[in-house]
Amino acid sequence: MKGKVFVIGLGLIGGSLAMAVRHAHPEAVIVGTDLSEKNVQLSTLLGIIDESVSSLEAGAREADLILLAVPVNETVKILAQLADMDLKSDVLISDAGSTKDTVVKAAKPLIDKGDTVNLR
């Protein structure tokens, strides 16, 4: 994969996902964001992400893959924000949440727009 990966949430799960992408696809550009500046700084220092952004739109706009690694309630809010953005037509959106019913319902506007949402 030579595209841009946007990881939302750089804690243990998001950081691990970013490292797995980095390992499998070293040519990918990994962009990250987190409410914790400490997580952003550590992810940058360790080379887990290539760059950080302070807004969802800045990271999501050019992303080929968006990975959500935040609590389910936050995932629902973020999906609603993503649904209102102009994303790449072939963007793939996935989450690392522990429950799917709530997330799938929240992703419906994105699915209706034609965005590729992969909820696993």
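Computed from heavy atoms alone, side chains included, the values below leave out hydrogens, waters and symmetry copies.
Residue D95 holds its CG atom at 10.0 Å from CG of L17, rounded to the nearest 0.5 Å.
Counting only heavy atoms from C-beta outward, the side chains of V31 and I49 never approach each other to under 4.5 Å. With contacts defined as side-chain heavy-atom distances shorter than 4.5 Å, the pair V29/V5 does not qualify.
Here the shortest heavy-atom pairing between T33 and F6 reads CG2-CZ, 3.6 Å. In terms of heavy atoms, I13 sits closest to A96 at CG2-CB, 3.6 Å. When every heavy atom of V7 is checked against every heavy atom of G14, the shortest pair comes out as CG1-O, 3.7 Å.
Applying the side-chain hydrogen bond (donor to acceptor under 3.5 Å, both in side chains) definition to pairs two or more places apart or across chains, those involving residues 71-81 are E74-K77. Applying the salt bridge (charged side-chain N to carboxylate O under 4.0 Å, His left out) test to every pair with at least one member in residues 28-42, sequence neighbours left out, gives no pairs at all. Each side-chain hydrogen bond (donor to acceptor under 3.5 Å, both in side chains) pair with one or both residues in residues 40-58, not counting sequence neighbours, appears once here: R22-D50.
A continuous path of Ile, Leu, Val, Met, Phe, Trp and Tyr side chains, each step under 4.5 Å between heavy atoms, connects L79 with M85, placing both in one hydrophobic cluster.
A search for side chain to side chain contact (heavy atoms under 4.5 Å, CB included) contacts involving L46 returns L42, I48, not counting sequence neighbours.
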Extract all donor-acceptor atom pairs below 3.5 Å that involve side chains of residues 60-70 and protein atoms in other chains or at least two apart in sequence.
residue	atom	partner	partner atom	Å
D64	OD1	K88	NZ	2.9
D64	OD2	K4	N	2.7

